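Treat the numbers as computed from the prediction; the structure is a model and nothing was measured. In what follows, chains are A, B, ... by sequence order, proteins preceding strands, each numbered from 1.
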Number of protein chains: 2
Amino acid sequence: MTAASIAKDLRAAIRSGTYKPGDRLPSEAALMSNYGVARMTARHGLSMLKDEGLTVTRHGSGVFVRAFEPIVRDTTGAAVGDSTVTAETDETGAGLTVRTLAVTAEADPPEKVRTTLGLADGAKVTVRERLHLRERKPVLFATSYLPASIAAGTPIADQEVGPGGTHARLTEAGHAPVRFREDVVGRMPTIEEIEELRIEPGTPVLSVTRTAFTQDGTPVEVSYVVLDAGEFMLRYDIGG
Amino acid sequence: MTAASIAKDLRAAIRSGTYKPGDRLPSEAALMSNYGVARMTARHGLSMLKDEGLTVTRHGSGVFVRAFEPIVRDTTGAAVGDSTVTAETDETGAGLTVRTLAVTAEADPPEKVRTTLGLADGAKVTVRERLHLRERKPVLFATSYLPASIAAGTPIADQEVGPGGTHARLTEAGHAPVRFREDVVGRMPTIEEIEELRIEPGTPVLSVTRTAFTQDGTPVEVSYVVLDAGEFMLRYDIGG
DNA sequence: GAGTGGTCTAGACCACAAT
DNA sequence: TTGTGGTCTAGACCACTCC
């Protein structure tokens, strides 16, 4: 019962404000003597808080109370900042930087993508991979798939899509996306995501599958977006 | 490095399908002899998988690969099933049961609620607390606040709100909600949420703050919804 | 160098599950 | 009763941070 009770005490202290975001918690050695327990027990108590996302540990330095100052991502997929911003721009109002990692003009789609886009066997897709950074820390990773029959040969298949992003290019090509579906799940990150987004232990990710449709209901883009849940709030405005 | 490598091996085996959802992983004793490590090391390797949400442990029985068969919750807040369903009904198409835990006709609002609803100091709110269950397992907890000036004296302040739920009653009272905002964050559950929703270790929650507005932009309801992320997918259809 | 967290060992006792 | 996971002890060595 002791590891759990250490966690309970510290949790209560954090909630009550005894320890504020950024503050250092007692060291393992301190907990050992305060509670008269073995080191592994003190450690286990602290690790519970880490698993709950309440704390972050810094090797050689200490255990600190975590803060949450989310980036608000609105319905359009843009981060909400000072002014209206669009996705795919270099700098959003929320201090986000977008880095285009890779663009492939023609690739074989994963089966899931092929069926979502309603493509024939053997049809190719254009793939865009992007990483969003907040003050140099990666916070969002997105992979978009578009039918190569639409995207190849347009700026969508280039490293730089130009002003307005892929949606502007799609519109110019007569495939204006007007309807979107976002499916959101929360889960713990994979090892790859932990490395890619440098995710703190105890932090889940939000996994968003976004599909864009034209007026006649044809899907023109499917995107898989993984967001560090410690950095984001998703905002959906419905109706009006 | 051994605990991590045990986790790595098992993770790879799960991903490759060697162990399928529901399968039992090797016991701690088996891992000890297979890898020639101490028990705590084998345990640590297994606990990593648990923290990643890949496995569930059953005391006295074993460690099992986890499944994910999400309930789809659509934009209206209803679970998507066989037919069109509405929130607040007893049985939704997805086999969800709604239990109304408590209804308070007049209560003092938390400060956050008071400002969101734009209430004067001292104004009261009607509070509704509901729990959704999937085959007896609680999966969603919701607390709704409405201005008592609107809700008190109507069926909204009763245990049973009647057909169509609170929104139908609000509409009848001339406060039809037509616009909604949902703010979604992912995080690890609190201890209370773990108990209330019986959440598996390594499972985050989705925390949704839902605000309903009338035609003239007046907020008429704010709801705080906590969903077991191991059970739900949120679906947002935008535009059209 | 002193203090911090990260990992591992070898053993103990307890609680729960299946039989 | 046997095998499983849950918890704890007491000690070791390592890696990182800060002074």
What is the distance from [atom1] of [X] to [atom2] of [N], rounded to the nearest Å?
X     : N      : atom1 : atom2 : value
A/L49 : C/dG5  : CG    : C1'   : 15 Å
B/L46 : D/dT4  : CG    : P     : 12 Å
A/M40 : D/dG11 : CE    : P     : 15 Å
B/Y35 : C/dA10 : OH    : P     : 18 Å
A/R39 : D/dG11 : CZ    : C1'   : 11 Å
B/M48 : D/dG5  : CE    : P     : 17 Å
A/E28 : D/dC16 : CD    : C1'   : 13 Å
A/D51 : C/dG6  : CG    : P     : 12 Å

Inset, instruction - Flag as yes if A/H59 stacks onto the base of D/dA15 (centroids under 5.5 Å, planes under 30°), otherwise no. - result: yes
Inset, instruction - Describe, in one word, how the ring planes of A/Y145 and A/Y224 are oriented to each other, choosing from parallel (under 30°), tilted (30 to 60°) and perpendicular (over 60°). - result: perpendicular
Legend entry - Pi-cation contact, B/F64 with B/R58 (under 6.0 Å, within 45°): yes
Inset, instruction - Report the residue (A/T41 or A/R58) whose heavy-atom-nearest nucleotide on DNA chain D is the more 5′ of the two. - result: A/T41
Inset, instruction - Ignoring hydrogens and angles, answer whether the base of C/dT4 and the side-chain atoms of A/R24 contain a donor-acceptor pair closer than 3.5 Å. - result: no
Inset, instruction - Under the salt bridge (charged side-chain N to carboxylate O under 4.0 Å, His left out) rule, what do A/E52 and A/R11 come out as? Steps first, then yes or no, please. - result: CA-CA 10 Å; A/E52 291 165 20; A/R11 195 183 297 116; 2.8 Å; yes
Should [X] be listed as having a side-chain N or O under 4.0 Å from OP1 or OP2 of [N]?
X     : N     : value
B/T57 : D/dG6 : yes
B/R43 : D/dG6 : yes
B/S61 : D/dT4 : no

Legend entry - A/T203 and A/R66 side chains, donor-acceptor separation under 3.5 Å: yes
Legend entry - Residue B/H44, side-chain heavy atoms: nucleotide from C/dG6, C/dT7, D/dC8 that is nearest: C/dT7
Inset, instruction - Go through B/F180 and B/H167 one step at a time and tell me if the ring-ring contact (aromatic ring centres under 6.0 Å, His included) criterion holds. - result: CA-CA 12 Å; B/F180 304 89; B/H167 290 182; 5.5 Å; yes
